[in-house]
Asks: 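This is the structure, below, for whatever I ask next.
In what follows, chains are A, B, ... by sequence order, proteins preceding strands, each numbered from 1.
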2 protein chains.
Amino acid sequence: MAYSKREEFTPEEIWIADVAKAISHPARVAILKILSEQNVCMCGDIVELLPLSQSTVSQHLKELKRVGLIKGEIDGPKVCYCIDNEIFNKAKQAVDELFSRVCNC
Amino acid sequence: MAYSKREEFTPEEIWIADVAKAISHPARVAILKILSEQNVCMCGDIVELLPLSQSTVSQHLKELKRVGLIKGEIDGPKVCYCIDNEIFNKAKQAVDELFSRVCNC
DNA sequence: ATGTTCTATCGTATATTTACGATATACAAT
DNA sequence: ATTGTATATCGTAAATATACGATAGAACAT
């Protein structure tokens with residue numbers, strides 16, 4: 001009962017799936033939108049804008065950081081989050097490529 | 001301990017998250033690629049191309065059908081799957097819109 | 001030194017996802 | 001009628017995700 005066949009797919013398929021998983025929760029979509037509007041943003045500000053506890057928001061931020069879509073820089077006691085444009089752009093291109101390839105339009 | 005705060009986000013955020021969840025597994029990315037190459041495809045063909053059992057592939061197809069990215073038409077004892085171009089295009093646009101909004105490039 | 005503020009992590013409960021084999025169903029062919 | 005083929009669904013086990021409160025750690029202010 002070998003578990004998780006994830007590794008039996010191509011690196012490209014795994015990478016796209018990872019990016020998609022990162023944005024597969026409305027809270028994380030909302031976080032990306034907030035960061036794009038504010039450019040740079042404290043974790044606490046995000047918590048205030050979402051109907052979730054601080055620890056839950058922190059977990060969502062961690063998930064976005066895991067694939068590299070965002071990064072956090074420590075600023076005294078606070079942490080400033082922002083989009084990691086380089087990786088985000090790579091993710092955008094990979095997803096674009098899949099969508100364009102699949103779509104007949 | 002109210003569970004799942006999903007419904008407290010905007011319909012757009014939920015829709016994007018749903019689409020992303022549908023493509024958040026490498027097997028489903030692979031299925032979309034197969035369907036795009038073959039245009040129309042029997043379920044059994046997909047099973048042969050993936051390192052997964054028939055029942056597992058069937059579940060993945062169901063997940064893609066759930067959000068509408070693909071549709072299956074019954075053809076005798078077989079089922080022919082194909083991309084649902086209308087919904088797929090809507091999904092593409094929604095994801096594009098998010099990516100473009102967030103990305104500084 | 002002490003307290004305050006901000007964030008991450010731990011512990012935990014519940015829900016969902018992923019995977020499979022077995023079974024049921026639906027149609028075609030014999 | 002029976003057999004074979006194709007697919008979906010059921011039952012189930014293990015893994016992951018989602019959510020929270022409590023706690024820990026780090027930096028600043030007093």
Side-chain angles (χ1 to χ4, degrees), chain A residues 1-9 13-14 17-31 34-35 38 40-67 70-82, chain B residues 1-9 13-14 17-31 34-35 38 40-67 70-82:
Chain A
M1 209 168 287
Y3 234 71
S4 184
K5 299 265 181 127
R6 278 184 112 265
E7 303 307 318
E8 299 188 29
F9 295 86
E13 285 160 358
I14 293 173
D18 269 339
V19 169
K21 184 150 65 174
I23 59 176
S24 73
H25 191 288
R28 295 196 288 269
V29 175
I31 289 171
I34 291 168
L35 289 181
Q38 319 235 342
V40 149
C41 199
M42 266 180 47
C43 170
D45 298 337
I46 299 170
V47 172
E48 280 187 14
L49 293 169
L50 297 180
L52 298 171
S53 75
Q54 181 268 321
S55 58
T56 303
V57 170
S58 201
Q59 264 184 99
H60 284 305
L61 288 167
K62 192 178 179 182
E63 177 69 13
L64 287 168
K65 255 192 301 185
R66 195 181 59 77
V67 281
I70 67 172
K71 57 189 172 186
E73 279 179 20
I74 293 166
D75 168 27
K78 311 174 181 180
V79 177
C80 280
Y81 281 99
C82 62
Chain B
M1 209 168 287
Y3 233 72
S4 185
K5 299 268 181 126
R6 278 185 110 267
E7 303 308 318
E8 300 190 26
F9 294 87
E13 285 160 357
I14 294 173
D18 269 340
V19 169
K21 185 151 67 174
I23 60 178
S24 72
H25 192 289
R28 295 195 289 268
V29 174
I31 289 171
I34 291 167
L35 289 182
Q38 320 236 342
V40 151
C41 198
M42 267 179 45
C43 170
D45 299 336
I46 299 171
V47 173
E48 280 186 13
L49 293 170
L50 297 180
L52 297 171
S53 75
Q54 182 267 322
S55 58
T56 302
V57 171
S58 201
Q59 266 185 97
H60 283 306
L61 289 167
K62 193 178 180 183
E63 176 69 13
L64 287 168
K65 255 192 300 186
R66 194 182 58 78
V67 283
I70 68 172
K71 57 190 172 188
E73 277 178 23
I74 292 164
D75 168 29
K78 310 175 183 179
V79 177
C80 280
Y81 281 98
C82 62

Asks: Rounding to a whole Å, what distance do you find between A/E73:CD and D/dA27:P?
Replies: 15 Å
Asks: If you measure from the Lys or Arg side-chain nitrogens to the Asp or Glu carboxylate oxygens, is any gap between A/D18 and A/R6 under 4.0 Å?
Replies: yes
Asks: Checking the side chain of A/K5 only, and the main-chain atoms of B/P51 only, is there a donor and an acceptor separated by less than 3.5 Å?
Replies: yes
Asks: Look at the side chain of B/S58 and decide which nucleotide, out of D/dA22, D/dT9, C/dT5, has an atom nearest to it.
Replies: D/dT9
Asks: Is B/H25 near enough to C/dA19 that one of its side-chain N or O atoms lies under 4.0 angstrom from OP1 or OP2?
Replies: yes
Asks: Return yes if the base of D/dA6 and the side-chain atoms of B/Q54 contain a donor-acceptor N/O pair under 3.5 Å, otherwise no.
Replies: no
Asks: Measuring to OP1 and OP2 of D/dT16, would you say a side-chain N or O of A/K21 lies under 4.0 angstrom away?
Replies: no
Asks: Relative to the ring of B/H25, is the ring of A/F9 parallel (under 30°), tilted (30 to 60°) or perpendicular (over 60°)?
Replies: perpendicular
Asks: How would you label the contact of B/L52 with the nucleic acid (heavy atoms, under 4.0 Å): base, sugar-phosphate, or nothing?
Replies: sugar-phosphate
Asks: Grab the two heavy atoms, one from A/C41 and one from A/Q38, that are nearest each other, plus how far apart they are.
Replies: SG-OE1, 4.1 Å
Asks: With rounding to the nearest 0.5 angstrom, report the NE2 to CG distance, B/H60 to B/L50.
Replies: 8.5 Å
Asks: Take atom CG of B/D75 and atom C1' of C/dA26, then tell me their distance rounded to the nearest Å.
Replies: 13 Å
Asks: Return no unless some side-chain N or O of A/H60 is found under 4.0 Å from OP1 or OP2 of D/dA19.
Replies: yes
Asks: If only side-chain N and O atoms of B/S55 are considered, is one of them under 4.0 Å from the OP1 or OP2 phosphate oxygen of C/dC20?
Replies: no
Asks: Between B/K78 and A/I74, which has a closest nucleotide on DNA chain D that is more 5'?
Replies: B/K78
Asks: Between C/dA28, D/dA8, C/dT9, which nucleotide has the shortest distance from any of its atoms to the side chain of A/K62?
Replies: C/dT9
Asks: From the list C/dC27, C/dT7, D/dC20, which nucleotide is the closest neighbour of the side chain of B/P77?
Replies: C/dC27
Asks: Please determine whether a side-chain nitrogen or oxygen atom of A/T56 lies at a distance below 4.0 Å from atom OP1 or OP2 of D/dA19.
Replies: no
Asks: Any side-chain N or O of B/K5 under 4.0 Å from OP1/OP2 of D/dC20?
Replies: yes
Asks: Using OP1 and OP2 only, check whether a side-chain N or O of A/Y81 sits under 4.0 Å from C/dC6.
Replies: no
Asks: Starting at the 5' end of DNA chain C and moving along, which residue's nearest nucleotide shows up first, A/G44 or B/R66?
Replies: A/G44
Asks: Please work out if B/E63 contacts a base, only the sugar-phosphate, or nothing of the nucleic acid, heavy-atom cut-off 4.0 Å.
Replies: nothing
Asks: Is there a donor N/O on one and an acceptor N/O on the other, under 3.5 Å, for the side chain of A/Q59 and the base of D/dA19?
Replies: yes
